[in-house]
Amino acid sequence: MRKVTTTRKINEAITNNLLHIEKAEVHYKTSGKTEIIDTDRFIENFSFLCESGVFSDAVGWHFERDIKANGYIAECDRMNPDTEFIVTVYLGVGEGAKREDIDMALLFEEE
């Protein structure tokens with residue numbers, strides 16, 4: 001089941017070694033093409049987004065467990081009709097990380 005998360009929460013989970021980036025891709029809605037994003041390029045762009053202050057959480061992220069790969073999938077903009085692309089990030093579980101800790105770290109609950 002897809003759950004809501006934020007840029008900040010994904011970054012914290014990666015920084016705290018709960019998760020690591022295995023693969024990232026961008027899917028273009030109009031053409032239907034999917035392009036693999038180099039991991040270093042994704043990290044650079046994601047870091048820039050994290051540093052953008054109030055705009056960092058303007059991107060709507062969702063996550064779910066990836067049972068096949070024993071990891072997680074985070075995705076933005078699938079449900080946004082105003083964007084041309086969907087960014088998908090495949091995240092591996094960090095060594096010694098517990099699923100409960102990862103779920104708690106990623107889950108965004110409105111106050």
Side-chain angles (χ1 to χ4, degrees):
M1 177 156 102
R2 293 170 41 108
K3 298 175 184 169
V4 176
T5 191
T6 64
T7 303
R8 180 178 55 83
K9 290 199 166 277
I10 294 170
N11 188 51
E12 286 174 2
I14 293 169
T15 303
N16 293 332
N17 295 320
L18 295 173
L19 297 169
H20 61 273
I21 299 167
E22 293 187 340
K23 181 173 88 168
E25 60 189 26
V26 61
H27 174 78
Y28 297 93
K29 294 177 183 178
T30 305
S31 68
K33 293 182 181 179
T34 301
E35 173 186 322
I36 303 296
I37 303 170
D38 179 67
T39 303
D40 292 334
R41 180 176 156 217
F42 176 81
I43 291 169
E44 180 182 325
N45 284 274
F46 189 73
S47 296
F48 185 77
L49 176 62
C50 292
E51 294 171 9
S52 67
V54 298
F55 294 105
S56 67
D57 286 332
V59 176
W61 290 93
H62 291 87
F63 77 96
E64 63 186 346
R65 284 185 57 198
D66 183 3
I67 296 170
K68 290 184 213 174
N70 196 28
Y72 286 79
I73 298 173
E75 189 174 73
C76 70
D77 292 334
R78 179 173 297 278
M79 307 304 274
N80 186 346
D82 298 322
T83 61
E84 163 56 17
F85 55 87
I86 302 164
V87 176
T88 306
V89 185
Y90 298 89
L91 302 159
V93 175
E95 192 173 322
K98 297 178 184 172
R99 294 241 176 248
E100 299 82 27
D101 295 337
I102 296 169
D103 289 341
M104 292 286 289
L106 289 176
L107 188 61
F108 173 73
E109 296 186 65
E110 291 189 51
E111 297 173 6

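Just so it is clear, the structure is predicted and the values come from calculations on it, not from any experiment. One is the number of the first residue; the rest follow in order along the sequence.
- Looking at heavy atoms from C-beta onward, Leu106 lies out of side-chain contact with Lys3 at the 4.5 angstrom threshold.
- A distance of 11.5 Å separates OH in Tyr28 from CD1 in Ile86, rounded to the nearest 0.5 Å.
- Atoms CZ and OG1, on Phe85 and Thr30 in that order, are 11.5 Å from each other to the nearest 0.5 Å.
- Linking ILVMFWY side-chain heavy atoms closer than 4.5 Å, directly or via other members, places Ile43 and Val26 in a single hydrophobic cluster.
- Counting non-hydrogen atoms of neighbouring residues, nucleotides and ligands closer than 6.0 angstrom, the CD atom of Glu84 exceeds 12 such neighbours.
- Phe108 has its side chain out of reach of Asp57: every pair of non-hydrogen atoms, C-beta onward, lies at least 4.5 Å apart.
- Counting only distance, with no hydrogens or angles, the side chain of Ser56 and the backbone of Ser52 share no donor-acceptor pair below 3.5 Å.
- Between atom CG of residue Leu19 and atom CG of residue Asp101 there is a gap of 11.0 Å, rounded to the nearest 0.5 Å.
- Contacts of Glu100 classified as side-chain contact (heavy atoms from CB on, under 4.5 Å), with partners at least two apart in sequence or in another chain: Lys98.
- Between Asp103 and Phe63, some side-chain heavy-atom pair lies under the 4.5 Å cut-off.
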Steps toward side chain to side chain contact (heavy atoms under 4.5 Å, CB included) verdict (Phe46, Val89) | CA-CA 11 Å; Phe46 189 73; Val89 185; over 6 Å; no
Apply side chain to side chain contact (heavy atoms under 4.5 Å, CB included) to Leu91 and Ile102, showing your working.
-> CA-CA 11 Å; Leu91 302 159; Ile102 296 169; over 6 Å; no
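- Going from atom CZ of Arg2 over to atom OG1 of Thr5 covers 12.0 Å, rounded to the nearest 0.5 Å.
- When atom types are taken as modelled, the side chain of Asn16 and the backbone of Leu18 share no donor-acceptor pair closer than 3.5 angstrom.
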Test log, rule side chain to side chain contact (heavy atoms under 4.5 Å, CB included), inputs Arg99 and Asn70 | CA-CA 10 Å; Arg99 294 241 176 248; Asn70 196 28; 2.3 Å; yes
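- Counting heavy atoms from C-beta outward, Tyr90 and Glu25 have side chains that approach closer than 4.5 Å.
- Of the inter-residue distances, the one linking Leu107 atom CG with Thr6 atom OG1 reads 10.0 Å to the nearest 0.5 angstrom.
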Does the side chain to side chain contact (heavy atoms under 4.5 Å, CB included) test come out yes or no for His62 and Val4, once each step is laid out?
-> CA-CA 5 Å; His62 291 87; Val4 176; 4.0 Å; yes
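- Every residue two or more places apart in sequence or in another chain that forms a salt bridge (Lys or Arg N to Asp or Glu O under 4.0 Å) with Glu12 is listed here: Arg8.
- Contact check on Arg41 versus Glu35 returns a salt bridge, with a Lys/Arg side-chain nitrogen under 4.0 Å from an Asp/Glu carboxylate oxygen.
- For the pair Thr83/Lys29, a side-chain contact is recorded, criterion being any heavy-atom separation below 4.5 Å from C-beta on.
- A heavy-atom distance below 4.5 Å is not found between the side chains of Asp66 and Tyr72.
- Of the inter-residue distances, the one linking Cys76 atom SG with Leu49 atom CG reads 8.5 Å to the nearest 0.5 angstrom.
- Taking 4.5 Å as the limit, every side-chain heavy atom of Asp77 sits out of range of all side-chain heavy atoms of Val87.
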